[in-house]
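Structure below; questions to follow.
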Amino acid sequence: MATHGGSSSSPPQENPIVEDDLDLLYGAESGWVDARTSCDHLPSLSSDLVHIPTPDTHCNRCQHPSENWLCLCCKEVLCSRFVNKHMLQHYQQINHSVALSYSDLSVWCFSCDAYLDAQLIPQLRPVYETAYLLKFGEAPPIRSVNAQHSQSAN
């Protein structure tokens, strides 16, 4: 599990974790998260998402080697909120909303505050498939769209 680091000028407190941190630490682990199959922020994606940096690319700002994300708008690689929060800062400063995690190949939209289904959203499928190939050396398994719809109908 990633550790939550950082320095603070305030004296140590008995419980330094704030409520937002608890949501980040436990929210996704508490159960299944349904990824969205649409997003209004897809028009901001890079026009070339087939040629991307490799999953072992370090953060462009702090050179951290893991927990990195690929901005799908400008293709900059930056570290997660569990490291130095450079991807989060990138979104806050430049408003590039959509990013792919090199850790688990999930796609997150900061503006929607939601995961996006990269296998079912046509604009995201090429970058997901390329990242999977670069990470695992083989094409991703094909997921049936019909199986997905029948599961959500139950």
Side-chain angles (χ1 to χ4, degrees), residues 1-6 17-145 147-149 151-152:
M1 181 167 168
T3 58
H4 185 0
I17 298 176
V18 295
E19 186 173 345
D20 287 345
D21 287 337
L22 290 174
D23 289 343
L24 290 173
L25 290 172
Y26 301 113
E29 294 176 2
S30 64
W32 178 257
V33 176
D34 280 329
R36 295 178 61 162
T37 57
S38 65
C39 171
D40 292 338
H41 305 97
L42 298 177
S44 67
L45 297 179
S46 169
S47 62
D48 178 15
L49 288 175
V50 175
H51 300 95
I52 59 172
T54 59
D56 60 353
T57 302
H58 292 198
C59 175
N60 289 348
R61 294 194 189 154
C62 68
Q63 300 306 309
H64 197 275
S66 60
E67 286 287 328
N68 292 321
W69 289 72
L70 171 68
C71 175
L72 298 183
C73 302
C74 68
K75 300 198 283 189
E76 188 167 2
V77 176
L78 299 163
C79 64
S80 79
R81 63 182 79 209
F82 296 110
V83 179
N84 290 315
K85 301 180 181 173
H86 289 136
M87 185 57 74
L88 179 60
Q89 291 169 3
H90 181 71
Y91 160 68
Q92 291 168 339
Q93 295 165 354
I94 302 177
N95 202 31
H96 286 176
S97 299
V98 185
L100 176 133
S101 166
Y102 275 136
S103 295
D104 64 5
L105 303 183
S106 61
V107 175
W108 178 259
C109 178
F110 287 94
S111 294
C112 294
D113 196 28
Y115 284 103
L116 305 179
D117 192 323
Q119 295 180 53
L120 292 182
I121 298 174
Q123 299 95 316
L124 296 175
R125 189 172 297 152
V127 73
Y128 172 80
E129 290 174 354
T130 300
Y132 193 99
L133 181 62
L134 290 170
K135 185 170 178 140
F136 299 111
E138 61 185 44
I142 304 293
R143 190 172 91 199
S144 168
V145 174
Q148 174 68 23
H149 288 294
Q151 285 177 348
S152 59

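Position 1 is the first residue of the sequence; numbering continues from there. Basis for what follows: all heavy atoms, side chains included, without hydrogens, waters or symmetry-related copies. These numbers were taken from a predicted model, which means no experiment stands behind them.
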inquiry  = Run the ring-ring contact (aromatic ring centres under 6.0 Å, His included) test against His90 and tell me which residues pass, sequence neighbours left out.
reply    = His96
key: Atom of Asn84, atom of Cys62 and distance for their closest heavy-atom approach   =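 What the structure gives for the nearest pair is ND2-SG, 3.3 Å.
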query = To the nearest 0.5 Å, how far apart are CG in Leu72 and OH in Tyr128?
reply =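 If I round to the nearest 0.5 Å, the distance is 13.5 Å.
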Results of side-chain contact (heavy atoms from CB on, under 4.5 Å) for Asp56 - residues two or more places apart only = Thr54
ask   = Atom CD in Gln119, atom CZ in Arg125: separation rounded to 0.5 Å?
value =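 These two atoms lie 8.0 Å from each other.
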key: Contact summary for Asn68 and Cys59, nearest pair of heavy atoms   =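 Scanning both residues completely, I find the closest heavy atoms to be ND2-N, 3.4 Å.
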note = Taken in chain and number order and not counting sequence neighbours, the residues that satisfy salt bridge (Lys or Arg N to Asp or Glu O under 4.0 Å) with Asp104 are none
request  = Please name the pair of heavy atoms, one in Ser101 and one in Trp69, separated by the smallest distance, quoted to 0.1 Å.
outcome  =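 Heavy atoms of Ser101 and Trp69 come nearest at N-CE3, 3.2 Å.
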query = Side chains of Leu78 and Cys71: does their closest heavy-atom pair fall under 4.5 Å?
reply = no
inquiry  = Less than 4.5 Å apart, side chain to side chain, heavy atoms only: is that true for Val107 and Ile121?
reply    =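 Val107 does not reach Ile121 side chain to side chain.
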request  = Of all the heavy-atom pairs spanning Ala131 and Leu100, show the shortest one and how long it is.
outcome  =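 Scanning both residues completely, I find the closest heavy atoms to be CB-CD2, 4.0 Å.
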Phe110 CZ to His41 NE2 distance, which is reported to the nearest 0.5 Å = 12.5 Å
query = Can you tell if the side chain of Cys79 reaches within under 4.5 Å of the side chain of Arg61, non-hydrogen atoms only?
reply =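 A side-chain contact under 4.5 Å is absent here.
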ask   = Does any non-hydrogen side-chain atom of Leu124 lie less than 4.5 Å from one of Leu45?
value = yes
remark   = Heavy-atom closest pair (Ala139 atom, Leu133 atom, distance to 0.1 Å) is N-CD1, 3.9 Å
note = So the salt bridge (Lys or Arg N to Asp or Glu O under 4.0 Å) pairs with at least one residue in residues 40-53 (sequence neighbours excluded) are Asp48-Lys75
key: Interatomic spacing from CD in Glu67 to NE2 in His86 - rounded to 0.5 Å   = 14.5 Å
ask   = Rounded to the nearest 0.5 Å, what separation is found between the CG atom of Leu120 and the CZ atom of Arg36?
value = 14.0 Å
query = Are the side chains of Tyr102 and Ile52 in touch, meaning some heavy atoms are under 4.5 Å apart?
reply = yes
message = I'd like to check the side-chain hydrogen bond (donor to acceptor under 3.5 Å, both in side chains) partners of Asn60; sequence neighbours left out, ordered by chain and number.
response = none
request  = Answer whether the closest heavy-atom distance between the side chains of Val83 and Ser66 falls below 4.5 Å.
outcome  =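 A side-chain contact under 4.5 Å is absent here.
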query = Of all heavy-atom pairs between Asn95 and Ser111, which one has the smallest distance, and what is that distance?
reply = OD1-OG, 4.2 Å
request  = Determine whether Tyr91 and Cys73 make a side-chain contact, defined as any pair of heavy atoms from C-beta on separated by less than 4.5 Å.
outcome  = no
task = Find the distance between CD (Gln89) and CD (Gln93) and round it off to the nearest 0.5 Å.
result = 6.0 Å
query = What residues, two or more places apart in sequence or in another chain, satisfy side-chain hydrogen bond (donor to acceptor under 3.5 Å, both in side chains) together with Tyr132?
reply =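 In terms of side-chain hydrogen bond (donor to acceptor under 3.5 Å, both in side chains), with neighbours along the sequence ignored, Tyr132 is linked to no residue.
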